[in-house]
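What follows is one structure encoded as structure tokens, with my remarks underneath.
By convention in this document, chain letters (A, B, ...) are assigned in the order of the sequence lines, proteins followed by strands, and residues within each chain are numbered from 1.
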2 protein chains.
Amino acid sequence: MAMDRDQVLRDAAALLSRKSTATMDEVARAAGIGRATLHRHFAGRDALVRALEDLGIREFEVAFDNARLDEGTAVEALRRLVAEAEPNAELLAFLVTENQLFEGDEVNEGWARLDARVTALFRRGQEEGDIRIDLSPAWLTEALYGLIGSCAWAVMDGRVAAKDFQYMIIELLLGGARRSVEK
Amino acid sequence: MAMDRDQVLRDAAALLSRKSTATMDEVARAAGIGRATLHRHFAGRDALVRALEDLGIREFEVAFDNARLDEGTAVEALRRLVAEAEPNAELLAFLVTENQLFEGDEVNEGWARLDARVTALFRRGQEEGDIRIDLSPAWLTEALYGLIGSCAWAVMDGRVAAKDFQYMIIELLLGGARRSVEK
DNA sequence: CAAGAATGAGACGTCAGTGTCTCAATTGGT
DNA sequence: ACCAATTGAGACACTGACGTCTCATTCTTG
């Protein structure tokens, strides 16, 4: 069977986001391939992590494009964004939790660019009056990442149904847990 | 200077939550002590992690007690909970992200007990009509952990002011990002 | 069906991190 | 000021993971 590079990386992300000290052998097993094959495609652990960063940035660059963050209201764009992010949620969880990586790297740049797009989205929502102004765009961005990661883990552990992924994130992020009188 | 065991563990958690592959030497430096001293107090890396689990569970057991989760409305209790959790937010972040640890351990039990208390709090809020019923208590629990961890990191990185910690978490968790018409 | 490419399993040397030890320096209590 | 306890720094051997290699097997392509 031909190795699906991206799928291997996704499996690696799912494992490493939960057990970042996992052995290369464990990563290989988690991806269903041999350790030798893993080394053939990724020179070493560093290269693997670098590849995870690259894939993550590329995937979310595409996801953001597909979500058309500039179209419609910010709230609508946010819904599309979460939907587009779902397939790569575990990858995002890994990148967010392991940002030891962003130390003097140029990867920092790619990530900063993504960050800026999300932050700008929230800011636009604030300017249009749809998003609260007492919560900073930077915090809302972090919170979005955190909720996506948390939900991805909850789904992995079976505490949240996969089909509820988008709903749980969007509803909590936008509406909050408190039950409003109206509605 | 006498070594402050708990402070060392807190420093270790702050580092390990962001760089879980950190060396014992790096942990020691982060805690401002020598590697030998670190080994004197914690037999090894496993023992260190175990100590982090123990401290975390103990701290949050106390924090939950102090928050008096059964008194007043669930929303009020939740505010107290976040306030009590703040000093140990980085510790929580470590425990939540590195739950590889919970594999056949008895630590699982301590954590499950804490989990149950938070989940029960959200459930109580739902029964009292203050919390939305379309978001499961299990998810709200995970989301709370995630937001606390995310905010702790954001504060560490300077993206959120430390003084806004409680406000950012509580307001987002309870009220959501969307700006409601009334209010 | 045959030739080429890719994979899995295992063996092997290497090395960074670990855990232990010693000893001088510092600290804290009396 | 003294003594006991603790610490930091360094040296040391050891271990587990890493990275490379080989070879038989499987998969792919024409």
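The distance between atom CE of Met24(A) and atom P of dA17(D), rounded to the nearest whole Å, is 13 Å. Remark: C1' of dG17(C) and CG of Leu48(B) are 15 Å apart, rounded to the nearest angstrom. The distance from atom CZ of Arg29(A) to atom C1' of dG8(C) is 11 Å, rounded to the nearest whole Å. Going from atom CG of Asp46(B) over to atom C1' of dT15(D) covers 14 Å, rounded to whole Å. Whole-Å rounding puts the Asp25(A) CG to dT20(D) C1' distance at 15 Å. Across the protein-nucleic acid pair, Asp4(A) atom CG and dT28(D) atom P stand 13 Å apart, rounded to whole Å. Across the protein-nucleic acid pair, Ile33(B) atom CD1 and dG8(D) atom C1' stand 10 Å apart, rounded to whole Å. Remark: P of dT22(C) and CZ of Arg35(B) are 16 Å apart, rounded to the nearest angstrom.
Of the possible donor and acceptor atoms, one in the side chain of Arg124(B) sits under 3.5 Å from a partner among the backbone N and O of Leu69(B).
Counting only heavy atoms from C-beta on, Ala36(B) has its side chain closest to dG8(D) among dA17(D), dC23(D), dG8(D). In this structure, the nucleotide among dC23(C), dG19(C), dT20(D) sitting nearest to the side chain of His39(B) is dG19(C). Closest to the Thr23(B) side chain, of the nucleotides dC18(D), dT22(C), dT18(C), is dT18(C).
Checking Val82(A), Leu81(A), Val75(A) one by one against Arg79(A), the side-chain contact (heavy atoms from CB on, under 4.5 Å) holds for a single residue, Val75(A).
Using a 4.0 Å cut-off, some side-chain N or O of His41(B) falls inside it from OP1 or OP2 of dT7(D). Note on Arg45(B): a side-chain N or O is less than 4.0 Å away from OP1 or OP2 of dT18(C).
When the local axes at the two ends of the helix from dC1(C)-dG30(D) to dT30(C)-dA1(D) are compared, using 5 base pairs at each end, they differ in direction by 60° after rounding to 10°.
Between Phe94(A) and Trp153(A), the distance separating the two ring centers is not shorter than 6.0 angstrom.
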>> Please determine whether salt bridge (Lys or Arg N to Asp or Glu O under 4.0 Å) holds for the pair Glu53(B) and Arg58(B), giving the CA-CA distance in whole Å, both sets of side-chain angles, and the decisive distance to 0.1 Å.
In response: CA-CA 8 Å; Glu53(B) 296 170 346; Arg58(B) 270 189 291 117; over 6 Å; no

>> Run Lys19(B) and Glu98(A) through salt bridge (Lys or Arg N to Asp or Glu O under 4.0 Å) and show every step you take.
In response: CA-CA 6 Å; Lys19(B) 185 175 181 179; Glu98(A) 291 297 306; over 6 Å; no

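Relative to the ring axis of Trp139(B), Arg159(A) does not place its NZ or CZ within 45° and under 6.0 Å from the centre.
With sequence neighbours left out, the side-chain contact (heavy atoms from CB on, under 4.5 Å) criterion links Thr119(A) to Arg123(A), Pro137(A), Thr141(A).
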